[in-house]
Structures are given as C-alpha cells and as structure tokens.
Amino acid sequence: MALGNRHLLGLEGVSAQDITVLLDTAESLVEVSRREVKKLPALRGKTVVNFFVENSTRTRTSFEIAAKRLSADAISISSAASSMAKGETFEDTARNLAAMSPDCIVVRHPASGAARFLASVVDCSIINAGDGSHEHPTQALLDLLTIRQRKKCAWKDLVVAIVGDIVHSRVARSNLFGLRTLGANVRLAGPPTLLPEQFRQFGAELYYDIGSAVEGADVIMMLRIQHERMASNFFPTLNEYARYFCLNAEKVARAKPDVIILHPGPINRGIEISSEVADGPYSVIMSQVANGVALRMALLYQLIIPGADGIRGSELIEPAVTAAPARAKVA
Amino acid sequence: MALGNRHLLGLEGVSAQDITVLLDTAESLVEVSRREVKKLPALRGKTVVNFFVENSTRTRTSFEIAAKRLSADAISISSAASSMAKGETFEDTARNLAAMSPDCIVVRHPASGAARFLASVVDCSIINAGDGSHEHPTQALLDLLTIRQRKKCAWKDLVVAIVGDIVHSRVARSNLFGLRTLGANVRLAGPPTLLPEQFRQFGAELYYDIGSAVEGADVIMMLRIQHERMASNFFPTLNEYARYFCLNAEKVARAKPDVIILHPGPINRGIEISSEVADGPYSVIMSQVANGVALRMALLYQLIIPGADGIRGSELIEPAVTAAPARAKVA
Amino acid sequence: MALGNRHLLGLEGVSAQDITVLLDTAESLVEVSRREVKKLPALRGKTVVNFFVENSTRTRTSFEIAAKRLSADAISISSAASSMAKGETFEDTARNLAAMSPDCIVVRHPASGAARFLASVVDCSIINAGDGSHEHPTQALLDLLTIRQRKKCAWKDLVVAIVGDIVHSRVARSNLFGLRTLGANVRLAGPPTLLPEQFRQFGAELYYDIGSAVEGADVIMMLRIQHERMASNFFPTLNEYARYFCLNAEKVARAKPDVIILHPGPINRGIEISSEVADGPYSVIMSQVANGVALRMALLYQLIIPGADGIRGSELIEPAVTAAPARAKVA
C-alpha cells in the first residue's frame, strides 16, 4: 500500500521519505493559492475524475480546486447520478471511467478497501479520498503538514492526542500510521467501546479519559462523531458523550501552552468540540482546509507526472504564468 | 449593503452611479457571447464558487457560464451534496469554502440575510444570488439592463408595473430598490394579501387591480407565483389568482403601445402570464436571460479585479484572443 | 433527421457518407486520449451544455470529457437541480439554456422525440444523447467505430446480431439504422413480446431464439434489460429471461471464431450476459467506452465548427499544443 509512483491508497506502509517529499512539495504550493493568478500549467491536458460514492463537500471541492489550479480537466461523478443506481457493479463503473483515459481517479466509498480494489482493476492512478473506516490518507497528510508548519521541533519530540470515535475513524487510522512513521508519540483517547485494545500494536498509547490524554500534549486532534457510520449505539446519548469527551477550554488548559487543535470537519459544535475551542486561538482548523488544497495539488502532481517525486513547488511555475497581468488591456 | 468593491448583497443602498457602471460594463460584454470565440482571459487563475443551498437552473448556469467565459475556474456546490446534510452549520460550511481561497462565493439560500451573514464571516467577495424573500440583485440588474436597451427615454419618464406576489418576491424588492434609485416610477400590483401597505415607504404606488396598474405602463414585470415559498394560502386557488392577475393580451392592450414585458422565470404559463403574452412580440424574457450572462460577467469582473470599477468591456479583450482562429490548422 | 451541419437527432436518414466522415474523424482522434497532453484547442471559447433529464454516468461523463479535451467550456445540468422541478416546461427550460448562447446542447430525456422537439425550438446545435425508446445515435456511432476497427471486411459481408429487449431499445434502433445504411446484415433477436414484426420493414431478420441468431455472426451486440423503462411485464421473470437469452460461452461458440461482443452498458451480469463472456477475449466493451470519447469529440467538432465536415483529426492539432512539455520548468 506504499505510495510508489502510481497510487495513494493509505498511509500504512508509506515511508517517512515519501511523506516528507509530499509535505515539502505541498509546503511550496501553499502560496500559489494566495497569488493573484492561482494557476499553474503543470497538469494541462490531464484528466482527474472525482468519483464520490459518499457525499462530501470539502474533500471533493478541495480536490476539484487542486486539479483546476494545476490546469487539469476535472470531472465529478456522484453516486446519485451514477449507473450504480441502475444496478451496475462498482468494478464495472470504475472500469468504464478508466476506459475514458483519466490520469487519476479520486475515489470516496463507504466500503473499506474500495480504493485498493479499484487500483487492482484499473490502469490509472488511484487516490483514496476515504474508504469506509479504513483510511483517509490525504486528510492525514494535510494534518501532518499543518502540524509541521506550527511545530518546529522534531517529530519524535511531539505528543499528539487523537480523541473520539477511534474505531470508526479513517482519519484516526491514517494519522496514526503517518505520525508513527515520522516518529511522533501518539495517544488515542475515547470511550472503551470506541477504542479497541488492538490499536496498541501500532505503537499508540490508549486513554479512556480525555483529560489524561491531552495532559502536556503538543497537538490535539478531535474526531467527528459520525452518526452516519455508526452501526449501533456505542455510548448512551450524544449528551453523555459530550459531557465526558467534548474538548472545552478547561480540558485544553491541561495541554502544552502552545498546543494546537485540529479537527477534520465537519465539526459538531457542542458535541466533540466546544465553539469556544473550535473558534479559539489554538484552533488551526481553517489552516487545515487551506493546506488541503496545497497537499492535494502536490499529490496529484507527483502521481500524474512520471519522475516528479523529488520536485519542489517552485519548479512548477512557468514565468509566463506568474507574469500574467491581473488585468488584461488592449494592446 | 452598498456594492463597494467587495460584495453585492442587494440593491438597497447601491448608488445610481454604481448601478450605471455595472450596466455599462455589461452592455459592452453582451456581444462577447455572440462571438465565435466566447472567451476572455480577464479572470484567469481566479476561483468562483457557486454555493447553491436552493435549487436553480438558470441562475446557477448563468453564473457558471459567466465565470467560464472570463476564464475563471468555476466550482459548483449544491445543498444535497453538502456537509450541511451532515449537520454542519451554514457558517462552518462557508468558512471552509473560504479557506480554499476562492475569489468570490456566489450564494443562494432560502433564508433572508444569508448572503449578508456570509459576507460578515468570510474574506472573499460575496454575491447574493437570491436569499429567501429578501433580495436577488443580479436578477434586478439584468432587468434594468434589458429595460435600458429597449427604452431610450430617461429613467424618470418610465412607468414600471411589477405584478404578482410582491411580499414574497426577492426579485420585486431588488427591482424596486434599483428602479427607485435610478428615478423610475414604480407601481406594485397584487392581491392585498400579497401586497402590504409598507411598500409605499420605498416610493412605490400600490394597486390591487392589475388593469389599473398596467394602464399606460412602459414596462410590465410579472412575478412567478412561488408555490415553494408560500407558507400558507394567500389566495383561494391558483385558478382564482389567474382569473384576476394573469397577464393576458387584453390587459397588455391597456399599456403603452411599445410596452415591454419581463418575467424572471421560470414562468407558470396560464397562471401569472398567458402563453400568448409570454411568447408574443412585447415579451423580452429571452433577452433577460441573455443579458444575465453579460451582467454576471461584468459583476464578477468588477468585484474580483481591484480598481476595475470604471472599466468598459472592450478593455477586457486581448487581441490574441479575438484573433484566435476558430479552426486550428497544422502549421 | 439527417446530420446536416447542425444537429444529430438520430441515425435514421443519415447518409453512409456522413457516417463515414464521422467515423474517420473519430478514428484519428482515438490517439488523442492516449497522449501525455490530452487536449486540443479546437473548441476554445465554445460552450457545450449537457442537459440530462435522465440519469447517466458514462454518456454524460463521456461528453464532458470530450468537450474538455477539445478545450470547450462544459456545463452540466441534471433534472434534479433543474427548474423543471418548479413546474417549468421542457421547452421553456431549453429556450432559457439556449438564450445563454451555448454552441451545442447535448440532451438526454425519457420522452421519445425530445431531442427533435428541442431542435425545433432553439437556435444552437442539438445532440441526442438518448430520447426514450427512440434513438441513441452516439452510442450506435461508437459501436460502428468499434466494429470497423476490428473487422476489415466490407460492411455488406458482416452479420450483426442484436439481442435482447429490442422494442424498448434506442440503442438497437440507432444501430439498426446505421448498420443498414452502411449495408451490414442485421439480425434482431428477443422474446416475441420484445420483438415486434414491424422491425422487418427496416431490413432486419427477426429471431426468437438467440442460438440461431448468433449462428455464424461476426458481431453480437447484447442489449441491457432496462427495468426502469419497462412499463409492464414482457417476460415471466428475470431468471426466465436469463435462461433463454443470456449470452454465455456455449452460445458464443456458435458464432464466427473471430466474433466480437458489444454491450452499451451498464451490464446486468448473469442476466443478459455472463461474466465469463463480458470479461472474455471476444468482448470489446471497454473499447466501446474508449471510442465513445473519440466519437463524441469528432461529433462536437463537426457540428460546432462550420464547414468542418470533411476534416481529419490530424488537422485539429496545433504544433504548440503537441509540443507542450508535460513538465513545466523555470526558464
């Protein structure tokens, strides 16, 4: 499941070097979205298909913007309008898309393993944009980028607490793999029903009390309570959950003074995070979203252009483009 | 709520000069959509997000075409696919979109005030594409453009009758503000339940009889009976409404001989307007739609490019573009 | 209903010469989708509206990719988001779209005749992407292209068996017209309830037994059992249908040794075609999909650019484009 040159199916097994190259590229692309002319010619004539069998605003939009800012043609397909509604298998739908010669298919699917399966049946690059409760690697990469921008110490000196519905969270799993590979210390916290013992094998410490988990933490990553993916009742009520696990100012006070707080969104205010904290000075949630576009630009570029792995963002820039006048005039 | 340089939230408070600049720019852009190569480079590298929490064909399509003809990247987000379905607040969804560095968010929303609220929480330009029963300023501007193209007299010499469900109509409100600011005489007509006395304060004359309202009018603007926005019964039946307020040839005959008839669409044939009139020689409904693209091109351009307020459409044109051959050949 | 220079409403009445020109152009465009830079400037500044009142993945995506690879602006409109949900007539929706100056509207609609009707009320080019059980000409053209690529003999020496729900199939009708015009021998096969006698008038032979129909055939074209378009029960059960009409290896063995097998998709595995056959060596289903993009590029180009009928694909290519470096560098 390594990145290699073709797919990003998950962060499990991806090397620290591959991750670092991606973060470096993304870092140099962050400023592209702040320019007057937010457009690079790097993927002109390439086709990126966003194939979303599960609803999504931010991830689908982030990939679409990333593709367009690199001048690729972006095509979006949602489950509702798909032939799968006519009884076609997922494999057949995917092979049909692949037959139209896309350079990359970005896939979100409710079934764990869907992205890997796709990579085994089609020819083009596959990016996993979230598959069931398995992995959501681009979310983890943008989280890593956001952490690296704010924390100047080495990864091995960082304590990251991930709090919430661990067992169902593809975000938690991808972050766990990425953070452990880079050497960070990872604490997982949640009610026992949502935090199985098996997670210790990945090198994480488990906490059933959020207070202890965030004690002295450099980074707190809150997870969304995903009603839509919870098959049965894992805790008595949302209120009960919020009472014990909602991140509020009091709990934040137990972390390091320069703690940063992440959340993959969409947030449930008052359930897993208080508005005071989500909108407060330690929150970097909006930076995560901005970094998401840069990270996905870096990833699309590196997967689609052969041999581009070591490239830096500045090399993506054509002088003609950066020099383009914001306001065209008659000669 | 003035236009200023950043937002268009409504026409209430927008100056006659700002309106005139917009109409002038739009006027010069009308011919772009008639060219062989309907494309200007003006907004290359800019991102326009169409965020439609309410369904729409013509307005969403019109904005998307306008953005693309100016070479902007256009991203469309509908409510159905949005994270709001997962319980995210409108503000959080909007802030997330804004974090991806769009240059402009075009928003349609069922709640009055939604666009203004958005402008208060995000950084980029906001265009109101219809918010509840509050305003729909781009519709009014394209109506003003359509009127100005056909009527060569001064605004103060024009009599405009707006007929239908006034109280629920954002189109009526925006037109009322725009027309009054430019100096036109405005008559509002509808059943008393749909035409509150308070509208007199904006300088309109009120009529409860369509025949008197259109008597000697230069312009008749019919409104759509919006079933989906009518909370309760404001008139006995649609047939009853049609009998008294449907614009038919007999009623048109009471207006000026060169009257023009507008409707924002989608039209309910036989309810507020007869097919004979909608498709007849006085109807300028299709011109309204064509003008909508030009008007939205002008607006996007003026909001997104700083200092562009006084520009004329001809300045948008790069020689290289106008000279582009319609049919490429091997050298 | 001839192609002429403006519309493609069906293949009934389109000349062999027009079909051949389209296939020749498409043939030369096939390789564009295999290039590093899959983009030609041919339709820059043109607007293509995909107006899909019926759901579709492959056809809508195929047209969208085709338009974008020719540098056109592509706008997609689905029925769900359309004003038709607000009670607007199909004609009014179409006229509104046309007023925004698209160069071509691609329409799919559940009513037979919808595309032809559209062509009668709007100004721009219309492409029928499937109307009820009437015609689906671009599917037939891509089928013809796929057959021509694999079979080097003259059309008159080919035996093509079309099998399944003939009476409801727009794909069958369009292929029947196209194949007969080119001179091929066409056999139609299906249960008597789905294969009316009247089809003989178009020059087809009728078979009520699939085994006899495929005997010695060069091409077998299987049709999808379209549950969603079948008004009542035309056969006892799906199992019953599958037992007699499912194309399996045993039946394929009765065809020519170099038979090719087509299916328009989405396929119902185990109903009209066995997985063994669909994924087997005679299947050209994925080639059909790939050819679909090339065929639609050819068609969009020939309809939109006046006088382009005789053009070959190589003439579409600008040296500047083919020479564009896949990877941009700092000068």
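Every chain is numbered from 1 and lettered A, B, ... according to where its sequence line falls, protein lines coming before strand lines. In this text, all values refer to a predicted model and were calculated from it rather than measured experimentally.
- There is no contact between B:Ala72 and chain A, counting heavy-atom distances below 4.5 Å.
- Atom CD of B:Gln17 sits in a sparse spot, with 12 or fewer heavy atoms from other residues, nucleotides or ligands closer than 6.0 Å.
- Remark: A:Thr47 engages C:Arg69 in a side chain to side chain donor-acceptor pair (under 3.5 Å) (not counting sequence neighbours).
- The choice from B:Ile75, B:Val49, B:Leu97 that makes the most heavy-atom pairs within less than 4.5 Å of chain A is B:Ile75.
- Judged by the 6.0 Å distance and 45° axis criteria, B:Arg296 is positioned over the aromatic ring of B:Phe63.
- With sequence neighbours excluded, the residues that form a salt bridge (Lys or Arg N to Asp or Glu O under 4.0 Å) with B:Arg148 are B:Asp24.
- Heavy atoms of A:Asn291 lying under 4.5 Å from chain B are absent altogether.
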